[in-house]
Amino acid sequence: MRSTAAPFTRAGVLQGVRLSLPIWPSIAVFGAAFGAAAAQRGLSLAEATAMSAFVYAGASQMVTLEVWGRPWTLSTLLAAMTVTALINARMILMGATIQPWMRGTPLWRTALSLFFLVDASWLIGMRHKAEGGNDLGVLVGAGAGLWPLWVLSTAGGHFAGALVAQPRVYALDMIMPVFFAAMLAPLWRGIRPALPWLASGAVALIVQQLVPGYGFIAAGAVAGLITGVLVDDGAAR
């Protein structure tokens with residue numbers, strides 16, 4: 001029997017945008033912090049805004065700046081690609097959690113949903129799903145609503161780059177982790193559903209202590225994914 005695709009409505013998209021409104025100020029500050037840091041690293045306005053527009057991944061963009069350099073060599077290019085991939089490895093776990101929701105969705109809509117999938121939109125979408133909703137428009141709307149703000153705030157931050165030379169001094173790099181933790185709290189459904197997140201966090205912390213670099217992010221994502229599969233299989237039996 002063919003499964004029915006989840007609805008994707010204009011009302012859902014608008015609801016997703018509305019649900020993202022409370023974090024707009026935080027996203028604007030974080031985007032401006034990235035723009036300022038990019039200016040300090042020598043990126044042009046066009047380069048910084050293009051990165052925000054096409055990469056659209058705040059944490060990985062900020063960390064990639066640490067290996068940014070000119071002139072570009074093959075080694076620095078590979079380093080930047082590797083850092084971006086490792087930081088975004090958390091999307092493996094996020095993608096796995098939304099796959100059942102997106103089953104049967106047309107390819108173009110799946111691509112659109114995944115392009116706009118960021119930490120905040122995933123949390124908003126998962127909370128909507130946990131509360132009984134099923135409109136994929138909420139997931140896309142939350143991410144799409146934040147995208148122009150992220151790009152514009154990057155541009156604004158680039159102009160003010162000289163004012164915030166070190167974003168970490170003002171803890172601006174902690175905005176999204178704090179938001180992530182606050183949004184996860186209402187999704188608590190007991191120990192068993194939380195096991196993938198606990199395993200992911202524990203493995204990431206251990207690997208961070210033992211292995212230099214950003215490999216702990218990929219290790220945590222893989223550990224969470226494997227634990228999630230085992231937990232689901234156990235529930236099925």
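Heavy-atom basis, side chains included; hydrogens, waters and symmetry copies ignored.
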> So which heavy atom on F115 is nearest to which on Y56, and how close?
Replying inline: O-CD2, 3.7 Å
>> Once rounded to the nearest 0.5 Å, what's the spacing between atom CG of D119 and atom CG of L123?
In response: 7.0 Å
> For A199 and A223, which heavy atoms make the closest approach, and how far apart are they?
Replying inline: O-CB, 4.1 Å
> When rounded to the nearest 0.5 angstrom, what is the spacing between CD in Q40 and NE2 in H158?
Replying inline: 9.5 Å
With a cut-off of 3.5 Å and sequence neighbours excluded, list every side-chain donor-acceptor pair involving residues 13-23.
from: S20; atom 1: OG; to: V17; atom 2: O; distance (Å): 2.7
from: S20; atom 1: OG; to: W24; atom 2: NE1; distance (Å): 3.1

> Shortest non-hydrogen contact from L117 to M91?
Replying inline: O-CE, 3.5 Å
> Which distance, rounded to the nearest 0.5 Å, do you find between the CZ of F8 and the CE of M102?
Replying inline: 9.0 Å
> Any link between W147 and F54 through a network of hydrophobic side chains (Ile, Leu, Val, Met, Phe, Trp, Tyr) touching at under 4.5 Å?
Replying inline: no
>> Please enumerate all residues that pass side-chain hydrogen bond (donor to acceptor under 3.5 Å, both in side chains) together with T154, with sequence neighbours excluded.
In response: S52
> What pairs with A28 under side chain to side chain contact (heavy atoms under 4.5 Å, CB included), at least two apart in sequence or on another chain?
Replying inline: L149, S153
Show every donor-acceptor pair shorter than 3.5 Å between a side-chain atom in residues 134-146 and any protein atom, with sequence neighbours excluded, or say none if there are none.
from: N134; atom 1: OD1; to: W101; atom 2: NE1; distance (Å): 3.1
from: D135; atom 1: OD1; to: T9; atom 2: N; distance (Å): 3.1
from: D135; atom 1: OD1; to: G137; atom 2: N; distance (Å): 2.8
from: D135; atom 1: OD2; to: T9; atom 2: OG1; distance (Å): 2.3

> Linking I/L/V/M/F/W/Y whenever any side-chain heavy atoms sit under 4.5 Å apart, do F116 and L107 land together?
Replying inline: no
>> Test of understanding: clusters of I, L, V, M, F, W, Y form through side-chain heavy atoms closer than 4.5 Å, transitively. Do L152 and V118 belong to the same one?
In response: no
>> As a test of understanding, state which of L205, V207, I206 forms a side-chain contact (heavy atoms from CB on, under 4.5 Å) with V203.
In response: V207
> For A38, what residues pass the side chain to side chain contact (heavy atoms under 4.5 Å, CB included) criterion, not counting sequence neighbours?
Replying inline: F34, L43, A48, L65
>> So, using side-chain hydrogen bond (donor to acceptor under 3.5 Å, both in side chains) as the criterion, who are the partners of Q99 when residues are at least two apart?
In response: R103
>> With a 3.5 Å distance limit and no angle check, can you tell me whether W150 reaches the backbone of A53 through a side-chain donor-acceptor pair?
In response: no
